[in-house]
Amino acid sequence: MTDPEPRHLAVARLRKPHGLKGDVVLYALTDNPATVLAAGRSLWVMGLAGSIIGGPLQIERSRAYHREWLVKFAGIESRDALEPLRDHFLVAPAEELRPPSGDEVYLHELEGFAVRLEDGTPVGLVSAVYDMPAGLIIEVQGPRREFLLPYKKEFVRTVDRLGRRLTIAPPEGLLES
């Protein structure tokens, strides 16, 4: 019996080459990019189908760049070498990343969470998570219909990661038929 492959989590999206010497622009998908994208860390390339298609790539240097990050990988010295990686994801083994604490949760874990009102009334299950320009939105499937709810503290009051539950305070009228 072989050991299963380690579980990888997306930490950045490869956007485009930058300059002529092998730098690439990344969009960080982590709340701690300075640590996750630090020099010396090895990352793998994941395709849109969810399988590892390259790597490991070792970060030689990185820095914040506007709202994104500029990263240079060891051994990659040209734009042409980076072009095939455009729009793919960089992933790291889950055990190398800081686990969520308190009311934090990985976004991919939200699907299937039970959703309840603050008085304990069941509302439904999270069926999808959408990253929209205005922020994260969860789709909740209820017994009679589904609805969308912004994933913000004013609406999502508590997150119980271990119990896989969200407690919500929806805007007035959202749950009315």
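Neither Val71 nor Val91 shares a network with the other; the hydrophobic side chains, linked directly or stepwise wherever heavy atoms of I, L, V, M, F, W or Y lie under 4.5 Å apart, form separate groups for each. If you chain together hydrophobic residues whose side chains sit under 4.5 Å apart, Leu166 and Ile137 never meet in one group. Using a 4.5 Å cut-off between side-chain heavy atoms of Ile, Leu, Val, Met, Phe, Trp and Tyr, with links allowed through other members, Val159 and Val129 fall into the same hydrophobic cluster.
Residues Leu26 and Leu14 have side chains in contact (heavy-atom distance under 4.5 Å, counting atoms from C-beta outward). Pro171 is listed as a side-chain neighbour of Leu149, based on a closest heavy-atom distance under 4.5 Å. With a 4.5 Å cut-off on side-chain heavy atoms, Pro17 and Arg86 count as touching.
In terms of heavy-atom proximity, Leu82 sits nearest to Gly22 at CD1-O, 3.3 Å.
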Would you be so kind as to tabulate the donor-acceptor pairs closer than 3.5 Å made by side chains of residues 119-126, with sequence neighbours excluded?
unit_1: Asp119; atom_1: OD1; unit_2: Thr121; atom_2: N; d: 2.9
unit_1: Asp119; atom_1: OD1; unit_2: Thr121; atom_2: OG1; d: 2.7
unit_1: Asp119; atom_1: OD2; unit_2: Thr121; atom_2: OG1; d: 3.3

Less than 3.5 Å apart, which donor and acceptor atoms pair up between the side chains of residues 104-112 and the rest of the protein, not counting sequence neighbours?
unit_1: Glu104; atom_1: OE1; unit_2: Arg98; atom_2: NH1; d: 3.1
unit_1: Glu104; atom_1: OE1; unit_2: Ser101; atom_2: N; d: 3.0
unit_1: Glu104; atom_1: OE1; unit_2: Ser101; atom_2: OG; d: 3.4
unit_1: Tyr106; atom_1: OH; unit_2: Arg98; atom_2: O; d: 3.4
unit_1: His108; atom_1: NE2; unit_2: Arg7; atom_2: NH1; d: 3.2
unit_1: Glu109; atom_1: OE1; unit_2: Tyr106; atom_2: N; d: 3.2
unit_1: Glu109; atom_1: OE1; unit_2: Arg161; atom_2: NE; d: 2.8
unit_1: Glu109; atom_1: OE2; unit_2: Arg161; atom_2: NE; d: 3.4
unit_1: Glu109; atom_1: OE2; unit_2: Arg161; atom_2: NH2; d: 2.8

Could you give the side-chain donor-acceptor pairs of residues 43-64 under 3.5 Å, partners two or more places apart or in another chain?
unit_1: Gln58; atom_1: NE2; unit_2: Gly40; atom_2: O; d: 3.3
unit_1: Arg61; atom_1: NH2; unit_2: Asp23; atom_2: OD1; d: 3.1
unit_1: Ser62; atom_1: OG; unit_2: Leu37; atom_2: O; d: 2.6

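In this structure, CD in Glu146 is found 5.0 Å from CD in Gln141, a value given to the nearest 0.5 Å. Distance check, rounded to the nearest 0.5 Å: CZ of Arg157 to CG of Leu117 gives 11.5 Å. Rounding to the nearest 0.5 angstrom, the gap separating the CG atom in Leu85 from the CG atom in Leu90 is 8.0 Å. Here the CD1 atom belonging to Ile168 is positioned 15.5 Å from the NZ atom belonging to Lys152, to the nearest 0.5 angstrom. Taking OH of Tyr130 as the start and CG of Leu148 as the end, the distance is 7.0 Å to the nearest 0.5 Å. Interatomic distance, NZ of Lys21 versus CZ of Arg79, reported as 13.5 Å (0.5 Å rounding).
Formation of a donor-acceptor pair under 3.5 Å by the Arg41 side chain with backbone atoms of Val36 is found in this model.
Members clustered with Val25: Tyr65, Leu70, by chain and number, using a 4.5 Å side-chain heavy-atom cutoff among hydrophobic residues.
Partners of Thr158 under the side-chain hydrogen bond (donor to acceptor under 3.5 Å, both in side chains) rule, at least two apart in sequence or in another chain, are Thr167.
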Yes or no on side chain to side chain contact (heavy atoms under 4.5 Å, CB included) for Leu29 and Phe89, after CA distance, side-chain angles and deciding distance?
CA-CA 9 Å; Leu29 299 172; Phe89 294 89; 3.8 Å; yes
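Pairs of residues two or more places apart, or lying in two chains, that qualify as side chain to side chain donor-acceptor pair (under 3.5 Å) and include a residue from residues 68-78 are Arg15-Glu68, Lys72-Glu77.
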